[in-house]
Participant: 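I am attaching a structure below and will ask some questions about it afterwards.
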Amino acid sequence: MKRKNSNSMLRTEPAEEQRLMARIAAGDQEAFRALYERYVDLVYSMALKVMRDPAAAEDVVQDVFLRIWQRADRFDASRGRLATWLLSVARNRAIDLLRRDKRQRTVANALDEARDDSALVAHWYAERDAFVHLSLDILPPEQRQCIELAFFYGLSHNDIAEMLQLPLGTVKSRIRLGMQKLQAALQAEQSERGS
Amino acid sequence: MTDALRHSNQHDAQTLSCEECAFLLPLFVMGTLTQEEQGTVERHLEECKACRAEAQRYAPVAEALLYQIPLVRAPESVRQKVACIPEQAEPLKPRPFPSRQLRLFSWKEAWAVAATLALLLLAVWNVYLLTRWQTVQRQLAAQQEIIRLLTNPELHAVPLQPDEPARGARAVLYYLDEQTGLLIVEGLPPLDPNRAYQLWLIRPDGKRDNGGVFRPAGDQPTVHTVVTPAPWHIYTGVGVTIEPATGSPGPTGPRVLHGGL
């Protein structure tokens, strides 16, 4: 299995992440370089997932890292991992741009997953699954579809109902049931690891 | 449940039920509710502990969903653009260590320090000017006294004779019938810091009265103001000797000047 680098992006200690961000907040360009070399693929992946367009995803990535360079002091390691924070920032920024350009429904129509069976992706899945004990694969397709539309494209219940030509109540039920299933799976996984 | 869902669009902030809230919580946690819905749910959560607990249970799910993406390698163009950000972007807030240079103060603090220093310097300068002014005033008063004395038609002028240690010296004693006078001296040798010249006023019985100590003022004529213990007409002569800097009760050192009155 080919590894991207010796220090995987999800296996860093919180203190190390806080130090890195503190250095960036202080203007340390070497620290910023270390950050984007480690996480640029992750941020780009989220941007591409949401925007469905490489050029638009590129804009999102540049915007996200610009914000990080200017306000790295906003990261708080006590509230979660750096990778989670970066993904959240990237997702939120991408959805903002979708809404601004009124492209939500256009990109959300194409829900096919971009599959890549390269060694990079295989390593990512293995690493991710070691830390994030959750997979949308456990959900029925209709629940997964609604959840993805809401989460990755920022669509409201009404938007999803209109797009899928479904009753509003059906959309709400599917999303709620899907989230409950995911939450139960996560809890079961945590209980197993704890025992 | 169907009725609840059918009417769930009517999100009256005052009447949002827990069942209605439950259907909104997933998107609330995802952050993708409409603004109106977001506010409605927030107000409900402020009041309802059970719904708050359910929202907190969804939070790890929302976090895990972030990772449900296929990983794609970023193009080189993206890497290059990101790499250029530090060179091109201006920080939104002051950094403690910009451009790897150590900054001791923020701009506000620097201005405060500069202003304080300026005020301090101004105060010191004012004290210096006051001292100088007072010195000038004293010098002016002394010069006015000299002018008063020298312009008095009853002024007596007595040239003094130099003695061996001060062969090149020239001196004149000016006095009135009062008890003040001026000794103007030029060419006296410089002295060690612990020595001074002392003027003696000689009585008829040989006793010496102290006429004051003075030190030569470099190349300039030395003007020594004399205040005599007794009227001038009492004295028969004057002499100048080298004494300790603080003066002596009587002559102990060599005589450098002398004259008769």
Side-chain angles (χ1 to χ4, degrees), chain A residues 25-29 32-33 36 40-46 48-49 54 58 61-62 65-66 69-71 73 80 84 87-88 91-92 95 113-116 118 120-121 124-125 128 131-136 147 150-152 154-157 168-169 172-173 175-176 178-179 182-183 186-187, chain B residues 1-9 20 22-27 29-37 54 57-75 77-101:
Chain A
D28 188 336
Q29 295 187 19
F32 181 75
R33 178 196 302 273
Y36 75 69
V40 67
D41 293 332
L42 193 66
V43 173
Y44 180 76
S45 299
M46 174 59 81
L48 189 61
K49 169 75 176 178
E58 200 167 304
V61 171
Q62 193 173 3
F65 280 100
L66 173 62
W69 170 245
Q70 292 178 328
R71 295 308 303 267
D73 58 318
T84 303
L87 285 169
S88 182
R91 172 192 160 249
N92 292 340
I95 290 175
E113 287 282 336
R115 295 286 178 193
D116 184 348
S118 70
L120 174 66
V121 176
W124 159 248
Y125 284 136
R128 181 197 70 184
F131 280 84
V132 181
H133 303 279
L134 187 73
S135 174
L136 290 173
I147 286 175
F151 186 78
F152 289 108
L155 294 177
S156 66
H157 291 124
L168 181 62
K172 289 183 176 180
S173 287
I175 290 176
R176 185 187 179 194
M179 289 291 282
L182 291 173
Q183 191 268 328
L186 201 62
Q187 196 167 0
Chain B
M1 182 184 291
T2 305
D3 287 341
L5 291 174
R6 190 159 53 237
H7 293 104
S8 64
N9 274 333
E20 289 169 333
F23 285 96
L24 298 177
L25 281 181
L27 264 60
V29 173
M30 294 180 192
T32 54
L33 285 177
T34 64
Q35 201 167 355
E36 183 188 352
E37 290 172 330
E54 186 169 350
R57 284 195 292 272
Y58 282 138
V61 179
E63 181 177 327
L65 283 173
L66 288 168
Y67 291 86
Q68 305 305 311
I69 55 173
L71 187 66
V72 182
R73 188 178 293 281
S77 58
V78 172
R79 295 172 186 276
Q80 287 174 1
K81 281 184 182 177
V82 173
C84 292
I85 284 173
E87 303 298 330
Q88 296 171 351
E90 291 186 11
L92 288 180
K93 59 180 276 189
R95 294 184 186 275
F97 301 100
S99 306
R100 299 178 186 271
Q101 290 175 352

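Just so you know, these numbers use all the heavy atoms, side chains as well, and skip hydrogens, waters and symmetry mates. Note that the coordinates shown come from a computational prediction; the quantities given were computed from them, not determined experimentally. In the text below, chain A, chain B and the rest are named by the order of the sequence lines, each starting its count at 1.
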Participant: Pick one of side chain, backbone, both or neither for A:R91, based on which atoms fall under 4.5 Å of a heavy atom in chain B.
Facilitator: side chain
Participant: Could you go through A:Q187 and A:Q183, starting from their C-alpha distance and side-chain angles, then the distance that decides it, and tell me whether this counts as side-chain hydrogen bond (donor to acceptor under 3.5 Å, both in side chains)?
Facilitator: CA-CA 6 Å; A:Q187 196 167 0; A:Q183 191 268 328; 3.1 Å; yes
Participant: Any side-chain heavy-atom pair from A:L66 and A:Q70 closer than 4.5 angstrom?
Facilitator: yes
Participant: Is B:L66 in contact with chain A via its backbone, its side chain, both, or neither, using a 4.5 Å heavy-atom distance?
Facilitator: both
Participant: Taking the basic N atoms (NZ, or NE/NH1/NH2) and the acidic carboxylate oxygens, is any pair closer than 4.0 Å for A:R33 and A:D28?
Facilitator: no
Participant: Does A:K49 make a cation-pi contact with A:F152 (under 6.0 Å, within 45 degrees of the axis)?
Facilitator: yes
Participant: Quick one: what part of A:F65 sits under 4.5 Å from any heavy atom of chain B, side chain, backbone, both or neither?
Facilitator: both
